[in-house]
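Reckoned from all heavy atoms, side chains included, excluding hydrogens, waters and symmetry mates. Fair warning: this is a prediction, and the values are worked out from it, not measured in the lab.
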Amino acid sequence: QVQLVESGGGLVQAGGSLRLSCAASGRTSSWRAMGWFRQAPGKEREFVATISRSGGNTYYADFVKGRFIISRDTTKTTVYLQMNSLKPEDTAVYYCAAARGDTATTRKYDYATWGQGTQVTVSS
């Protein structure tokens, strides 16, 4: 079984940057695609970014393209989300998730394991 722990959230001013980390542990943690989702109060959880098991393929939601970068370390057990040019509308709880397979996917139903989430607040 895979466990995921996010870190790096916090309070930042608009235009600032944060880097979120997601540490995965478990037998198959390095053999999965990974993704980041977010959920703002009163809204559904939405896709942000995903990376394939190999790290060779990445996809982003339109609203973060050019601002956020997803990456994973060489052991493939830690995934990062570098968030630049943050906007107040980026305020949400950000969740890391491990997919069932090794292909990057934007569909939340393809993800089997979720972290507990980390709060990101962007002030104007």
Validation row: Met34, Cys96 side chains within 4.5 angstrom (heavy atoms) = yes
In terms of hydrophobic clustering (I, L, V, M, F, W, Y; side-chain heavy atoms under 4.5 Å; direct or indirect links), are Tyr59 and Val64 co-clustered?
-> no
Looking only at non-hydrogen atoms, find the nearest pair between Ala99 and Arg32 and report the distance.
-> O-CD, 3.0 Å
Below 4.5 Å, heavy atoms only, C-beta onward: do Phe47 and Arg107 meet side chain to side chain?
-> no
Nearest heavy-atom contact between Ala104 and Ser52 is CB-N, 3.7 Å
Any residue meeting salt bridge (charged side-chain N to carboxylate O under 4.0 Å, His left out) with Arg67, in chain and number order, not counting sequence neighbours = Asp90
Can you check whether Glu44's main-chain N or O pairs, donor with acceptor, with Gln39's side chain at less than 3.5 Å?
-> no
Ring centre gap for Tyr95 and Phe37 strictly below 6.0 Å = no
Should Gln82 and Ser17 count as side-chain neighbours, where that means a heavy-atom distance under 4.5 Å?
-> yes
Measure from the side-chain N and O atoms of Thr58 to the backbone N and O of Thr50, and report whether any donor-acceptor pair falls under 3.5 Å.
-> no
Where Ala112 and Arg100 come nearest, the two heavy atoms and their spacing = CB-CG, 3.6 Å
Determine yes or no for a side-chain-to-main-chain donor-acceptor pair under 3.5 angstrom, with Thr77 supplying the side chain and Ala24 the backbone.
-> no
How far apart are the closest heavy atoms of Ser124 and Ala14, and which atoms are they?
-> CA-CB, 4.4 Å
Keeping the roles fixed (side chain from Thr118, backbone from Gly9), state whether a donor-acceptor pair exists under 3.5 Å.
-> yes
Ser25-Gln3 side chain donor-acceptor pair, cut-off 3.5 Å = yes
Between Tyr111 and Trp36, is there a donor-acceptor pair closer than 3.5 Å when you use the side chain of the first and the backbone of the second?
-> no
Using a distance-only test with no angle check, is there a side-chain donor-acceptor pair under 3.5 angstrom linking Tyr80 and Arg19?
-> no
Do the non-hydrogen side-chain atoms of Ile70 and Tyr60 ever get within less than 4.5 Å of each other?
-> yes
Stepwise, does the side chain to side chain contact (heavy atoms under 4.5 Å, CB included) test hold for Val120 with Thr91?
-> CA-CA 5 Å; Val120 171; Thr91 295; 5.9 Å; no
Within one Ile-Leu-Val-Met-Phe-Trp-Tyr cluster: Leu18 and Val5, side-chain cutoff 4.5 Å | no
Gln13 side, atom CD; Ser123 side, atom OG - distance, nearest 0.5 Å | 5.0 Å
Report yes if the side chains of Trp114 and Arg45 come closer than 4.5 Å at any heavy-atom pair, otherwise no.
-> yes
Please assess Met83 against Leu20 for the test side chain to side chain contact (heavy atoms under 4.5 Å, CB included), listing each intermediate value before the final yes or no.
-> CA-CA 8 Å; Met83 305 187 296; Leu20 305 183; 3.8 Å; yes
Under a 4.5 Å cut-off applied to non-hydrogen side-chain atoms, are Val12 and Thr121 in contact?
-> no
Taking atom CG of Asn57 and atom OG1 of Thr105, what is their separation to the nearest 0.5 Å?
-> 12.0 Å
Can you tell me how far the OG1 atom of Thr103 sits from the CG atom of Asp110, to the nearest 0.5 Å?
-> 9.5 Å
Passes side chain to side chain contact (heavy atoms under 4.5 Å, CB included), Phe68 versus Leu81? Steps please.
-> CA-CA 7 Å; Phe68 291 11; Leu81 185 68; 4.2 Å; yes
